[in-house]
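To start, the structure under review is shown below, and the notes come after it.
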2 protein chains.
Amino acid sequence: MPARVITLKELAASLDLSITTVSRALAGHQQIALKTRERVAQAARQAGYVPNTAARTLVSGRSGFVGLVLPIRGPNLVDSFLGEFVTGLGEGLVSHGADLILATAAEGQSELSVLRHVVESGRADGVVVTRIAEVDERLAYLRQRGFPFVAHGRLLDSDFAYNWLDTDGAHAFGEAFDMLYDLGHRHFGLVTISEPMTFRHLRQDGLAAAIARRGDPSVRLDVATAPRFDRGARIQALNKMLHGPERPTAIVALFDELALTVMEEAARAGLTVPRDLSVIGFDNVVASAYAPPGLTTFDASIRQCAREIADMLLTIIADRPAEPLTRLIRPTLVPRASHGPAPLTRS
Amino acid sequence: MPARVITLKELAASLDLSITTVSRALAGHQQIALKTRERVAQAARQAGYVPNTAARTLVSGRSGFVGLVLPIRGPNLVDSFLGEFVTGLGEGLVSHGADLILATAAEGQSELSVLRHVVESGRADGVVVTRIAEVDERLAYLRQRGFPFVAHGRLLDSDFAYNWLDTDGAHAFGEAFDMLYDLGHRHFGLVTISEPMTFRHLRQDGLAAAIARRGDPSVRLDVATAPRFDRGARIQALNKMLHGPERPTAIVALFDELALTVMEEAARAGLTVPRDLSVIGFDNVVASAYAPPGLTTFDASIRQCAREIADMLLTIIADRPAEPLTRLIRPTLVPRASHGPAPLTRS
DNA sequence: ACTCAAATTTAAAACGTTTGCAATTTCGCA
DNA sequence: TGCGAAATTGCAAACGTTTTAAATTTGAGT
């Protein structure tokens, strides 16, 4: 017995009122007599009336949805980022009665085309964009379209203003350097990726800036670069760094996954962390707590960030502020056991 | 210069055709002259025409969305389940042109009320339901409503038929027992939760069945139970098991998170895994690979399951099959280093 | 050139809501 | 009792699409 969904017309008929009046009563308009409003509310509740989203969207032009185009992911990429992120978005949205649409790019389809579809089909009132690339056509499109959005991440050349929330990776990497420097480290390694993501530059620049700020010419920085998803190449680049004539005493990884590889390879090379080598990551993934001896890293509280992004986006949709909204979140250091004083002697 | 979204009326006018013809041409109806169809397709592509979702939904009664009510999660629960699951759903949906709606329950709001809202507002053509409870009002509601859905998980008493996909936890736990028994273990521990989730019973029953099947009266099973999110209680129950006069030589945990706690507490108690104690989990979370010595567990390939759930649901929405669709997925053992032969002597 | 069927196109209704404007009711006050 | 303003309610259009039923055009056969 599939209970039929009740419509406004039916509800109105049952109350012997016009559709208009019922609609207004439910919307709480003052012009409707209080008594009527109560009567309608009561009947609606009792009948389990829920307004039809499509009809409402059609006439109001607002869908009550926020869109997120799922980042394309490798076949066996397992991390908690997405879960954290959508949970946070959901939490931020629900308090304003909004919901989330997740659109996936099909094989061979660009994220941009999915984004266009979401925007132009009127499915969403705004979108959030993650993993900003150096040259990001999605942002260009959204700007040109004048469509409400918030980016999780920043462009490098901010020659155009837009709404973003970002983790202050530059600050974190500066903090990591300072901490390691104070522990006596002078020879540093940076493990990074070759993809043109802006967060990579921001973090690396933060590290470089901290080094420059210190003004110590004896500080040395080696860099190992490999494609994000090419584990073999990563290990190779890493081992070159680890087995060179002189190896760094402290390695900073662009993010935890890389740092975990560093710790594995260090162990394989017979190095003890942190006695022979300090390692610091970024993201605070779950495995970082379990990988011995416990990875020192930075926590960016994705879920909280996502919640704020939702708030920002809803503000933008509702108020269309003239000035762009921006938030820079400082990640917190999670000190565990993978960093320590620089070894006194070196082989 | 926010480019206006083009409408069917405008497109029709620019082609000097009626709305009807353009609509049919785009839908590929044979009755429209081939030449016209091509002309329309060309113009639509060039003008970047995208049909309005709300209007289409309103008239067709199909939204092209599948709904998922986000499970309510603790404040700092970090896992990859949700990310895997929505990624898989997205992948399964996109090939049929469907998208995913994520609805979140607000503080103090039940999952059921959110589900009702999603269903009755016509936002979605079908929904997927996860984490089935022993008595699950969501399933009862959906059935009574006759609304298309697929459950990830099973009810215990299948007195009513419905569509589900489940991981064969019973089989896995039986497999774990057999393997450990063959390694000489006779005294087992089971670490479980107190929440009324059906997967708990299925797995426990699978273990019990395997024990019974073996018919060896010397086999002994201790059970430690604690609330899912109460880490303190969990540790307490665990230590009672670990520090009793006789402790198990092998512990099977309901899922990895519990197994990881077991390994931590074992280490704290001075036990070496797997020499003194074998541990087996379920889920294959990322941390399981990193937690020394590497947790032996079962992989349920959430992402793949979610993809199949999406396929099932779309079939149900399109064809309304008379018989319910069901799939039981056998998880694969991921042997790592946390299990081994039973110790010969016992303290 | 004429007929009739086939091919192609179109007008108009419908989906369920919101909202501008107009109609109706109520009520205080003369 | 009658008047007018204020309070309350309702009519009808609009949102952008799909679809039914009907109208128009085309073309083959005579």
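Reckoned from all heavy atoms, side chains included, excluding hydrogens, waters and symmetry mates. Please read these numbers as outputs of a predicted model, since none were measured by experiment. Within every chain, numbering begins at 1; the chains are lettered A, B, ... in the order of the sequence lines, protein sequences first and strands thereafter.
A:Arg143 forms no cation-pi arrangement with A:Phe149, by the criterion of a distance under 6.0 Å to the ring centre and an angle within 45° of the ring axis. Figure legend: B:Arg154 and B:Phe199 shown without cation-pi pairing, the cationic atom not lying both under 6.0 angstrom from the six-membered ring centre and within 45 degrees of its axis.
Not one side-chain nitrogen or oxygen of B:Thr21 sits closer than 4.0 Å to the OP1 or OP2 atom of C:dT9. Here B:Ser23 does not reach the OP1 or OP2 of D:dT17: none of its side-chain N or O atoms lies under 4.0 Å away. Checking the phosphate oxygens (OP1, OP2) of C:dT17, a side-chain nitrogen or oxygen of A:Tyr49 falls inside 4.0 Å. In terms of phosphate contacts, A:Thr20 brings no side-chain nitrogen or oxygen within less than 4.0 Å of OP1 or OP2 of C:dT19.
In this entry the distance linking CD1 of A:Ile19 with C1' of C:dC15 reads 12 Å, nearest Å. C:dT10 atom P lies 11 Å from atom CG of B:Leu15, rounded to whole Å. For A:Lys9 and C:dT18, the NZ to C1' distance is 15 Å, given to the nearest whole Å.
Sparse packing is recorded around CD of A:Glu323, with 12 or fewer heavy atoms of other residues, nucleotides or ligands lying under 6.0 Å away.
If you find the closest nucleotide of DNA chain D to B:Val59 and to A:Gln30, the one lying nearer the 5' end belongs to A:Gln30.
Inspection of the B:Ser23 and B:Thr20 side chains reveals no N or O donor paired with an N or O acceptor under 3.5 Å.
Contact annotation: side chain of A:Arg56 to base of D:dG16, donor-acceptor pair absent below 3.5 Å. No N or O donor and acceptor, one from the side chain of B:Thr36 and one from the base of C:dT9, sit under 3.5 Å apart.
If you check C:dT19, C:dT17, D:dG16 against the side chain of A:Leu58, the one that comes closest is D:dG16. Checked against C:dA11, D:dT17, C:dT18, the side chain of A:Leu8 finds its nearest nucleotide in C:dT18. When distances run from any side-chain atom of A:Gln31 to the nucleotides C:dG16, D:dT8, D:dT17, the shortest one goes to D:dT8.
Counting any heavy atom pair closer than 4.0 Å across all strands shown, B:Leu17 reaches sugar-phosphate atoms only and no base atom.
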